[in-house]
Amino acid sequence: MKETVVSGIRSTGKLHLGNYYGAVKNFVQMQNDYNCYFFIADLHSLTTHPTPADLHGNIKHVLVEYLASGIDPENSTIYIQSDVPEIAELYLYLNMNAYMGELERSTSFKDKVRANPDNVNAGLLTYPVLMAADILIHKATKVPVGKDQEQHLEMARTFGNRFNRLYNTEFFPEPYAFSFTEKLVKVPGLDGKGKMGKSEGEANAVYLSDDPETIRKKVMRAVSDGGPTEENQAKPEPIQNLFDLMKVVSSEDTHEHFEDLYSKMQIRYGDFKKQLAEDMIIATAPMRERIQDIAKDDSYLRQVAKHGALKARESAQKTLREVRSLIGFKSF
């Protein structure tokens with residue numbers, strides 16, 4: 001029996017380098033060795049109230065880019081979260097045993113409250129419960145997530161274990177973070193402040209579908225400083241972020257070359273950014289071409305989504321039947 005892997009990406013727009021190197025690249029590598037469920041998290045995206053047109057368009061973007069990145073719908077189960085209503089039902093049951101205090105202590109919830117004080121909805125508060133339902137519905141043991149999602153995964157273990165204790169069962173296994181690299185990848189953005197993300201603005205992220213000129217403009221505008229003022233000095237966060245990006249997309253020799261120049265106070269940020277942009281263009285070129293081809297084939301996209309929903313629901317329905325029985329929901 002292959003171990004089960006589950007992970008998903010919110011349908012809030014096009015995929016960027018952070019999505020690819022933090023998650024999707026792992027998906028592609030593991031799909032031949034594990035029983036993989038990769039979903040498009042459209043229910044999660046409702047916390048930001050997208051218009052119906054934007055919601056549908058964003059789901060299509062992610063589906064196209066999953067396929068363009070190399071996820072094979074024959075080897076993996078690719079599905080849209082809202083096509084599997086059993087997830088919402090399990091979310092309801094898990095919510096009954098998730099407590100306000102632990103949800104309010106979630107780092108991501110506190111961050112969202114600070115960033116959007118006028119949109120503190122119940123979906124944001126219970127976001128980790130829905131994520132737990134996504135994982136537990138397939139009884140997954142491995143979850144390829146970015147560094148920022150580790151706390152949510154810990155909460156998924158908590159909710160699964162709490163269910164087991166409450167109903168005196170060993171039904172849900174414990175899911176753990178999974179990466180083919182030694183540590184989870186966190187891809188920084190271009191704004192100098194933190195991780196790459198859609199919510200931080202268009203200029204912060206390099207998208208898989210960005211054309212070469214767009215990538216060059218974004219990288220050249222990335223936040224930097226006046227340069228080092230002494231040899232071997234520590235880098236400020238915006239500069240360290242750019243070097244971390246180079247470590248992701250460039251060769252080891254290239255990264256070491258610019259590290260050496262920085263240490264010797266000889267670095268020219270213009271040359272550094274040009275090299276970084278060209279390496280990003282090379283890294284995204286194969287996916288960019290496939291995105292353009294797949295996006296035109298609506299019948300193929302419909303077929304993939306329908307096939308994935310059937311496979312995902314088969315697994316989810318089996319879990320829900322057992323969960324309902326354990327809770328005590330029985331037919332008369």
[X] (side chain) donor-acceptor with [Y] (main chain) under 3.5 angstrom:
X: Ser315; Y: Lys311; value: no
X: Asn204; Y: Asp191; value: yes
X: Gln81; Y: Asp42; value: yes
X: Asp83; Y: Arg313; value: no
X: Asn164; Y: Glu170; value: no
X: Gln31; Y: Asp72; value: yes

Evaluate whether atom [atom1] of [X] has more than 12 neighbouring non-hydrogen atoms of other residues, nucleotides or ligands under 6.0 angstrom away.
X: Asn168; atom1: CG; result: no
X: His49; atom1: NE2; result: yes
X: Lys195; atom1: NZ; result: no

Any side-chain heavy-atom pair of [X] and [Y] under 4.5 Å:
X: Phe38; Y: Val24; answer: no
X: Tyr127; Y: Phe109; answer: no
X: Asp225; Y: Pro236; answer: yes
X: Phe159; Y: Asn97; answer: no
X: Ile281; Y: Arg288; answer: yes
X: Ile87; Y: Tyr79; answer: yes
X: Glu102; Y: Pro128; answer: no
X: Asp244; Y: Val187; answer: no

Show the atom names and distances, to 0.1 Å, of all donor-acceptor pairs under 3.5 Å that link a side chain in residues 2-9 to residues at least two apart or in another chain.
unit_1 : atom_1 : unit_2 : atom_2 : d
Lys2   : NZ     : Asn32  : O      : 3.3
Glu3   : OE2    : Thr141 : OG1    : 3.0
Thr4   : OG1    : Asn35  : ND2    : 3.2
Ser7   : OG     : Pro144 : O      : 2.9

Quiz prompt | Verdict with supporting geometry, Asp271 and Gln275, side-chain hydrogen bond (donor to acceptor under 3.5 Å, both in side chains) | solution = CA-CA 6 Å; Asp271 295 339; Gln275 181 68 53; over 6 Å; no

Practice problem: Decide if the gap between the ring center of Tyr167 and the ring center of Tyr93 is smaller than 6.0 angstrom. | Solution: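 Tyr167 vs Tyr93: aromatic centres not under 6.0 Å.
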
Practice problem: For residues Phe178 and Tyr34, establish whether the separation of their ring centroids is below 6.0 Å. | Solution: yes

Output a table of donor-acceptor pairs, distance under 3.5 Å, between side-chain atoms of residues 214-223 and any protein atom two or more places apart or on a different chain; print 'none' if there are none.
unit_1 : atom_1 : unit_2 : atom_2 : d
Thr214 : OG1    : Asp211 : OD1    : 3.2
Thr214 : OG1    : Asp211 : OD2    : 3.0
Arg216 : NE     : Glu278 : OE2    : 2.7
Arg216 : NH1    : Glu213 : OE1    : 3.4
Arg216 : NH2    : Glu278 : OE1    : 3.4
Lys218 : NZ     : Glu202 : O      : 3.3
Lys218 : NZ     : Ala205 : O      : 2.8
Lys218 : NZ     : Asp210 : OD2    : 2.8

Kindly compute the distance separating [atom1] ([X]) from [atom2] ([Y]), expressed to the nearest 0.5 Å.
X: Glu314; Y: His138; atom1: CD; atom2: NE2; value: 11.0 Å
X: Thr48; Y: Asp54; atom1: OG1; atom2: CG; value: 9.5 Å
X: Leu55; Y: Ser82; atom1: CG; atom2: OG; value: 7.5 Å
X: Arg321; Y: Leu326; atom1: CZ; atom2: CG; value: 13.0 Å
X: Ile135; Y: Tyr37; atom1: CD1; atom2: OH; value: 14.5 Å
X: Leu320; Y: Gln317; atom1: CG; atom2: CD; value: 8.5 Å

Self-check item: salt bridge (charged side-chain N to carboxylate O under 4.0 Å, His left out) between Lys318 and Glu322, worked out
Solution: CA-CA 7 Å; Lys318 181 177 185 298; Glu322 295 179 65; 3.1 Å; yes

Would [X] end up clustered with [Y] when hydrophobic side chains under 4.5 Å apart are linked, directly or stepwise?
X: Val84; Y: Leu90; result: yes
X: Ile282; Y: Met287; result: no
X: Leu310; Y: Ile137; result: no
X: Tyr20; Y: Ile71; result: yes
X: Phe171; Y: Met96; result: yes

Provide the closest heavy-atom pair for [X] versus [Y] in the form atom of the first, atom of the second, distance.
X: Leu208; Y: Ser69; value: CD1-OG, 3.9 Å
X: Ala98; Y: Val129; value: CB-CG2, 3.8 Å
X: Ser106; Y: Met155; value: CB-SD, 4.3 Å
X: Tyr176; Y: Leu153; value: C-CD2, 3.4 Å
X: Lys60; Y: Leu301; value: CE-CD1, 3.7 Å
X: Thr77; Y: Ala312; value: CG2-N, 3.8 Å

Practice problem: Start with the C-alpha distance between Tyr300 and Leu67, add both sets of side-chain angles, then the distance that settles side-chain contact (heavy atoms from CB on, under 4.5 Å), and finish with yes or no. | Solution: CA-CA 11 Å; Tyr300 173 61; Leu67 296 167; 3.8 Å; yes

Quiz item: Would you call Glu259 and Lys235 a salt bridge, taking side-chain N to carboxylate O under 4.0 Å as the test?
Solution: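 Looking at Glu259 and Lys235, the cut-off is met.
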
Quiz item: Any salt bridge between Asp293 and Arg290, counting N to O under 4.0 Å?
Solution: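 Arg290 and Asp293: not salt-bridged.
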
Quiz item: Which is it for Phe163 and Val323 under the side-chain contact (heavy atoms from CB on, under 4.5 Å) test, yes or no, and what are the steps along the way?
Solution: CA-CA 9 Å; Phe163 180 94; Val323 165; 4.0 Å; yes

Practice problem: Report the C-alpha separation of Arg114 and Asp111 in whole Å, then their side-chain angles, then the decisive distance to 0.1 Å, and conclude whether the side-chain contact (heavy atoms from CB on, under 4.5 Å) test is met. | Solution: CA-CA 5 Å; Arg114 278 193 294 269; Asp111 289 345; 2.5 Å; yes

Quiz prompt | Full working for side-chain contact (heavy atoms from CB on, under 4.5 Å) between Tyr262 and Tyr269 | solution = CA-CA 10 Å; Tyr262 189 91; Tyr269 286 139; 3.4 Å; yes

Quiz item: Hey, what's the ring geometry for Phe258 with Phe272, parallel, tilted or perpendicular (30° and 60° as the breaks)?
Solution: perpendicular

